[in-house]
Amino acid sequence: MSEPAIFFSDVNERQGGFLRRAMLMGGLTSAGILALGARLGQLQLVQTGRYQTMSAENQFNFRLVPPPRGRILDRNGVVLAGNRPSFRLLVVRDETKDLDATLDAVEKLVPETANRRRSMIRDINQSPRFAPVPVANDLTWEEFARVNLHVSELPGVMADMNEARFYPFGGAFAHVIGYVAKVSDKDVARAKEGGKSPDAILFHPGFRIGKQGIEKALDEDLRGVPGGQKVEVDARGRVVGEDPEGSRPAVPGKEVVLTLDADVQNRALEVFGEESGAAVVMDIRTGDLLCLMSAPAFDANLFVGGVPSKVYRALADYERKPLLDKALSGTFPPGSTFKTMTGLAALQAGIDPKRRVHCSGGWSFGGRTFRCWKKGGHGSQDLHDAIKNSCDTYFYTMSLEIGPDRLAEVAKAFGLGDTFDIGISGQKKGIVPSTAWKKEYFKKASNPDARRWWPGETPSYAIGQGALAVNPLQLCVMTARLANTKKAVVPRLIKSIGGVEQPSGAAVPDLPFPHEHLEIVRGGMAAVANDVTGTAYRASQLGLGPIQMAGKTGTAQARNYRAGESRKNFADWNYRDHAWFVAFAPYDDPRYAISLLIQHAPHGGAADAAPRAREIMKVVLLKDPEIRKRIEQPYVEPAAPVDSGAPQDEPDSFIGSEPAAPAPQGTPQGTPQGTPT
Amino acid sequence: MTASALTRPGERDRLSVKFSEIDWRFAGLLFAIAGAGSMMLYSVSGGSWEPWAANHLIRFSLCFALMIALGLVDLRVWMASAYPVYALGLILLICVELFGYTAMGATRWLNLGFTRIQPSEIMKIGIVLALARFYHGASAKDASFSFKLLIPAAMIGAPVLLVAHQPDLGTAMLIALTGAAVMFMAGLSWKIIFTGVAGMAAAIPPFVMFVMHDYQRKRILTFLDPESDPSGSGYHIMQSTISIGSGGPLGKGYILGSQSQLEFLPEKQTDFIFAALAEEFGFVGCFSLLLLYAAVILIALRIASLSHSHFGRLSAAGVTATFALYVLINGAMVMGMAPVVGVPMPLLSYGGTVMLTVMIGFGLVMSTRVHRYLELPSGRGFFF
């Protein structure tokens, strides 16, 4: 609208203004660049150490090298748990193009994986994308070769060899040794207890942690120290290089030696056949457990690779409870084996062992009849006879004079109601009743009478029934202490860890009982096994020349019988009585004690338990070099020497569950179904 | 008066004279930076000319030739094309808005059939030309404080809004700041500057909260606390900072940077190439490079100052401002001082479009230098 407004002065003004502003601009920009330079100085000169560390953390990874797990050996060095090479198939998620297609291809190579598709995918998804995830273990050589042949066509699939836990004896040691399996969230949570950071090896794919028994209790000793391999990785975690100087080797786990004897333990499982129960053998001088076996067992190897749920259900649902360690966790009334304790308590109460009681097949107290197992009665019995014949009437009669508290005191001194530090968990205390126990047990009961000890309870207690409940280990300890007569030996299961000897079970106080009293009870036990009228005479003959056994049978009610009900031959397994046998040998110089339980036995203590105990004891005795020497010496005293070299000639007729098993030998009582209690 | 000022009329129009007026020092600095870029691209591809280093060098050579050629173009031609270029840029931006090509959630490209172009890049030159052209014809008073300032404000506002809507916040910001820089150097009143800065500061929080897209907001928040999202968008900042810091005073050595070689450094060939250089050449290398950039900027500002025409001064200064903004924003970003915005380090980063834009800009600077004594018409018409 107006004429040109730019004059010369204006031109100069614009130029001058621009120059000032351009200077400012240059200054600002320089300041900005200097600020960048300052920041560079801060990062690269001042804080560089910190960033160099972070960069190295990016660049280098420690790749864990799992250590070989420590072996578990028996007392003679036989491997009970070892490691064996296993071919594995691994999948790296990041390198597969299509996981489904890859697994389809894997299925063709290893058909077994077809059933586990879902769990494989879960495992793969839970791991880092670049980590090799083992999806199949224990490939056969053919499968391994087949996979290797096709590896080049299957990106992300590889096969390698690692060490897998292996239990050569499968079932016999399953309860004691336990097994290893995949690390669960619970294991991780346990490792985090107390604010500790869990061992990184727990997250290593394919790592196995001890879940039960020795494997669990000594997991940290057996585990070893993982080695580290310093590797250079890229941003996706792929290994691009290795630094041998920055690597350290794995330290193998410690070797654990148990006191068990594989031959004894295996024989024990063998003689149980289909029966359910437990057998415990102990060296009475040292407390070393030679056998700690629960039957039926399961194959621990099944659990290492992950037990299929169908198999697990079958094991868990089977009424004979193969997963339960009956030697430690099963508590049962001890039945007549407890009469040894009652006898000792009677002597403690000042009862004359020569005092006689007449047994006419029953005993009345408080308007109730307590029956003796022998309907016709035993006639006149002293303490020795009563133990030998397992006469209930005798002990009923004495029980009132002994009283429950003295019984409990004696029982506890012999380890009943006690747990022992054998290194593995799962021991149940059981119950040793007393007046104090009853008061405590029924303290919440509304009726004050429930807390009182009634005299009528004591007779049952005296013959090992009632509330009394013990586990097979406790009964073995009891027998060992009876046999030892001096020391209150405690059991020991772990002989050494990594070559370090564990404390022996012999360093213990003496038993608080007079030697003569113990001798009287032991005499009764010897008669049980060696007097032809003893309840287990026939079943206890070892056939090992001068070596003889002393023992006590027991039959424990698994349920209450209604009046007049027959206790014989229930078709239903659950309803049958439990059979016990406790013994020690040799009688003249005791070395070993055994306790053996047959749960819901077809016949009873003498018929079912004693022959099995005898067979186990034979192996134990023959493996002892000193005893073997005694056996192999020409035995001259009686005119007819016993064929000592061939104890195996005895027919193993008790094996199996045929009800008539012991029949060929005949029972000393002459009553095949009569159950001496 | 220098000797050259006494040359005969028409002498300066001779091509050989023009050619001798090219600032070869400046051109050499650009070559040095692009060479450093090519060297780093060779390194980050693991010591290979493929796929980036060779390409980078070839592109730069072509762009360099273009810059020289544009430097010989008469400044009057530049001035005459100022509004048309701006108008073209604006029309293309509107076309993008209407039927642009969408990639990665943003519509920034126009598909011409044989190639795709990014009109916002044209606008980076266009805004400088148009503003310089406007101020050339405006008095000092108009430029300082008057209602006429609404015209440059609108000239800046229109493309900024269009680009921001694509959404390409980085480029929008760059255009806005470039425009602001030209207005500033044209003599904008301090009153307006302070009011504007205060207004902007007040507007940022509501802008971040209500206008930004989620991913943009996240970038800002992550910048404020990179560790909050170490594997997501904070990852870039953290890894870049680690790369730079771990370089130390002298660096890890050529092709020995673990961060860039092992792919921990993201976008290592483009936005984060500076961090790769910092890792391998350390403080000494980086600071030298920053000095090169500073020299380029200061020389370009001096070229602007020596121009006899207001259009020449402002356009050269505007191009310089764009370049300086690239350097400062990218530098601050890779060092963890600014949020991650897609602004490359000019001439160092791999990428043809930005290189082309920058070199066309420097062609304008060269032209200003070559035609520094040229008096331009008053500039009241569309072309002149």
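What you are looking at is a predicted structure, and each value in this text was computed from that prediction instead of being measured. In the text below, chain A, chain B and the rest are named by the order of the sequence lines, each starting its count at 1.
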Measure [X] against the heavy atoms of chain B and call it side chain, backbone, both or neither at under 4.5 Å.
X        : value
A:Gln47  : neither
A:Ser55  : both
A:Glu232 : side chain

Search all heavy atoms of B:Ala278 against all heavy atoms of A:Gln44 and return the closest pair with its distance.
O-NE2, 3.0 Å

Heavy-atom closest contact (B:Val334 atom, B:Ser240 atom, distance):
O-OG, 2.5 Å

Working for side-chain hydrogen bond (donor to acceptor under 3.5 Å, both in side chains), residues B:Glu280 and B:Ser43:
CA-CA 9 Å; B:Glu280 297 191 347; B:Ser43 166; 2.6 Å; yes

Residue-level contacts of residues 290-297 of chain B with chain A, using a heavy-atom cutoff under 4.5 Å:
B:Leu290, B:Tyr293, B:Ala294, B:Ile297

Run B:His308 and A:Gln15 through side chain to side chain contact (heavy atoms under 4.5 Å, CB included) and show every step you take.
CA-CA 8 Å; B:His308 284 198; A:Gln15 188 179 9; 5.5 Å; no

Below 4.5 Å, heavy-atom pairs only: which of B:Leu314, B:Thr320, B:Val327, B:Leu328 has the largest tally toward chain A?
B:Leu328

Top of B:Lys252, B:Gln259, B:Arg302, B:Met335 for chain A proximity - count of heavy-atom pairs under 4.5 angstrom
B:Met335

Hey, does the side chain of A:Arg14 reach the backbone of B:Tyr135 with a donor-acceptor pair shorter than 3.5 angstrom?
yes

Among all residues two or more places apart in sequence or in another chain, which pass the salt bridge (charged side-chain N to carboxylate O under 4.0 Å, His left out) test with A:Glu220?
none

If you tally heavy-atom pairs under 4.5 Å against chain B, which of A:Leu45, A:Asn58, A:Leu19, A:Thr48 wins?
A:Asn58

Does either side chain, that of B:Ser260 or that of B:Glu279, offer a donor lying less than 3.5 Å from an acceptor on the other one?
yes

Taking side chain as everything from C-beta outward and backbone as N, CA, C, O, which of these in [X] sits under 4.5 Å from a heavy atom of chain A? Side chain, backbone, both or neither.
X        : answer
B:Phe323 : neither
B:Thr241 : both
B:Ala321 : both
B:Leu188 : both
B:Ile242 : both

Of the options A:Val106, A:Leu109, A:Leu90, which is the one that meets A:Val147 in a side-chain contact (heavy atoms from CB on, under 4.5 Å)?
A:Leu109

Taking the ring of B:Phe362 and the ring of B:Phe26, is the distance between their centroids below 6.0 Å?
yes

Within 45° of the ring axis of B:Trp190 and under 6.0 Å from its six-membered ring centre, is that where the NZ or CZ of A:Arg21 lies?
yes

For a side chain to side chain contact (heavy atoms under 4.5 Å, CB included) check, start with the C-alpha distance between A:Leu202 and A:Ile209, then their side-chain angles and the critical distance, and finish with the verdict.
CA-CA 8 Å; A:Leu202 293 188; A:Ile209 194 170; 3.8 Å; yes

